[in-house]
Amino acid sequence: MAKNRLESKYVTVAPGVELHFWEKGEGKPLVFIPGLTFSGEIFKAQMEHFSSAYRVIAMDPRGQGYSSKTVDGNDYLTHGRDVAALMDALGLEDVVLIGWSTGNLDTWSYVQQFGKDRLRGVVTIDMSPLPLSPDPAWWTEGTIEELSAVATQLLTSPEGSRGFFSEYATGVMIQHEMEPAELDYLLDMSARTPYWICRALFCDAIFSNFLDTAKDVGASMPSLMFIAEHWQDVAKPFVETQLPGYETCVMGGHLMFYEYPEQWNGVLEEFLQRL
């Protein structure tokens, strides 16, 4: 078991399909799940901080990071089953699942299919359980026109996918003005996911509806939602009305845990100490 060193490991979750994950520390497990195209590596500051008291696992979902790239299974129901297979293989109990962006969908998908018996808390970072809605008052990922343009005009080539994530990183994810090397680091991590897997996951994410599952989580177990500052006018009222039981914390941009690790880790630390 990883104790003092951040270890890079693999686990087989289906015939011919391996998930890659990072592991460090021992104690009750925290499982971090990154968003679309990203690797568990994005949680480096969290792995270092929390591994002093917890068994920290940061996974690369199927199709992302160093995990297997498959023609099928690029959807969030499969991702939820992969989370369960990882937990089974590692014998995890009393888990806190921590999802970022579409990693929230992996988290809610796991709960929808496998229940809450092995969890002691759920932390979600900056994404609605209902990413598409015609109601402008609801927290969504954008208008139908915007989302269809991304799916059909941008995520259809490697260049288009890189362009989309470059614009998203500078406009939504990060608040400070990045040096070229930092932007390259984020885009290189994202580019480990082929554009055709990214497109399949993006479309599946947009049409996902985990609202009932997310409500059940908030009503029955400790739950925390981090919300980026640019979303707060819509997202905070949405969570407070549609997901009663969730605590909320407004902070930074979409990638706030990476940009403001000390502040973010402090909020999570306080939440974990109450479990």
Side-chain angles (χ1 to χ4, degrees), residues 1-70 73-111 113-114 118-125 127 185-186 188-194 197-198 201 255 257-258 261 264-265 268 272:
M1 184 186 296
K3 292 181 181 178
N4 300 320
R5 181 174 72 84
L6 184 63
E7 295 190 38
S8 171
K9 297 183 175 183
Y10 292 86
V11 62
T12 299
V13 295
V17 181
E18 287 187 321
L19 287 191
H20 173 263
F21 63 98
W22 308 91
E23 182 177 16
K24 186 176 182 182
E26 53 188 353
K28 290 192 173 179
L30 309 179
V31 176
F32 288 86
I33 308 173
L36 184 67
T37 74
F38 277 81
S39 161
E41 180 184 334
I42 198 70
F43 294 107
K44 193 172 184 179
Q46 285 68 48
M47 290 187 265
E48 291 301 327
H49 177 84
F50 289 101
S51 59
S52 61
Y54 298 92
R55 182 182 181 184
V56 179
I57 293 155
M59 59 181 283
D60 294 352
R62 179 190 297 238
Q64 299 175 210
Y66 299 116
S67 291
S68 296
K69 314 300 187 280
T70 58
N74 298 308
D75 60 82
Y76 288 94
L77 286 180
T78 301
H79 275 208
R81 291 192 287 271
D82 287 347
V83 171
L86 175 83
M87 288 170 56
D88 286 344
L90 300 182
L92 303 183
E93 300 287 345
D94 289 329
V95 177
V96 178
L97 286 180
I98 304 162
W100 163 53
S101 194
T102 57
N104 294 1
L105 307 182
D106 296 51
T107 299
W108 290 315
S109 171
Y110 168 81
V111 174
Q113 297 178 86
F114 300 95
R118 298 169 74 177
L119 305 182
R120 63 192 189 102
V122 167
V123 177
T124 43
I125 306 168
M127 187 169 181
Y185 168 73
L186 295 175
D188 285 348
M189 193 189 308
S190 170
R192 293 177 202 157
T193 299
I197 292 180
C198 173
L201 286 170
L255 204 42
F257 60 89
Y258 163 89
W264 192 90
N265 291 349
L268 180 58
L272 294 174

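Quick note: residue numbers are just sequence positions, from 1.
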Ring pair (Phe, Tyr, Trp, His ring centres under 6.0 Å) between F32 and W100, worked out: CA-CA 8 Å; F32 288 86; W100 163 53; over 10 Å; no
side-chain hydrogen bond (donor to acceptor under 3.5 Å, both in side chains) partners for S8, two or more places apart: H20
Heavy-atom side-chain proximity of L6 to M47 below 4.5 angstrom: yes
Shortest non-hydrogen contact from P61 toward S67: O-CB, 3.5 Å
Heavy-atom check, side chain of D188 versus side chain of L186, under 4.5 Å: no
Approximate separation, where rounding is to 0.5 Å, of Q64 CD and L36 CG: 6.0 Å
Qualifying salt bridge (Lys or Arg N to Asp or Glu O under 4.0 Å) pairs with a residue from residues 91-111, counting only residues at least two apart or across chains: E93-R118
Set of residues satisfying side-chain contact (heavy atoms from CB on, under 4.5 Å) with respect to A14, sequence neighbours excluded: V17, R62
For F50, all residues meeting ring-ring contact (aromatic ring centres under 6.0 Å, His included), sequence neighbours excluded: none
side-chain contact (heavy atoms from CB on, under 4.5 Å) partners for S39, two or more places apart: W22, E41, D60, M189, R192
Partner residues of T37 under the side-chain contact (heavy atoms from CB on, under 4.5 Å) criterion, sequence neighbours left out: F165, S190, T193, C198
Stepwise side-chain contact (heavy atoms from CB on, under 4.5 Å) test for T102 and M127: CA-CA 7 Å; T102 57; M127 187 169 181; 3.8 Å; yes
Results of salt bridge (Lys or Arg N to Asp or Glu O under 4.0 Å) for E48 - residues two or more places apart only: K24
Min side-chain heavy-atom separation R120-V95 under 4.5 Å: no
From L19 atom CG to L86 atom CG, the distance as rounded to the nearest 0.5 Å: 6.0 Å
Nearest heavy atoms of G40 and P34, plus distance in Å: N-CG, 3.7 Å
With sequence neighbours excluded, residues passing side-chain hydrogen bond (donor to acceptor under 3.5 Å, both in side chains) with S51: none
Pairwise side-chain contact, I98 with L268, heavy-atom cut-off 4.5 Å (strictly under): yes
Sequence-distant partners of T107, side-chain contact (heavy atoms from CB on, under 4.5 Å), two or more places apart: I33, L97, V122
More than 12 heavy atoms from other groups under 6.0 Å of NZ on K69: yes
Any T70 side-chain heavy atom under 4.5 Å of T78 side chain: no
Set of ring-ring contact (aromatic ring centres under 6.0 Å, His included) partners for F21, sequence neighbours left out: none
Spacing of F257 atom CZ and H49 atom NE2 [to the nearest 0.5 Å]: 14.5 Å
Which atom of Y76 lies closest to which atom of L201, heavy atoms considered: CE1-O, 3.3 Å
Stepwise side-chain contact (heavy atoms from CB on, under 4.5 Å) test for Q46 and N265: CA-CA 7 Å; Q46 285 68 48; N265 291 349; 2.9 Å; yes
Minimum side-chain heavy-atom gap L92-R55 below 4.5 Å: yes
Reported OH-to-CD distance for the pair Y54 and E26, which is rounded to 0.5 angstrom: 14.0 Å
Y258: side-chain hydrogen bond (donor to acceptor under 3.5 Å, both in side chains) partners, not counting sequence neighbours: E182
Polar side-chain atom of N104 near backbone of I125 as donor-acceptor pair, under 3.5 Å: yes
pair M87-L119: side-chain heavy atoms closer than 4.5 Å: yes
Heavy-atom side-chain contact between Y110 and R81 under 4.5 Å: no
S101: partners by side-chain hydrogen bond (donor to acceptor under 3.5 Å, both in side chains), with sequence neighbours left out: H254
E23 side chain to I57 backbone, donor-acceptor under 3.5 Å: no
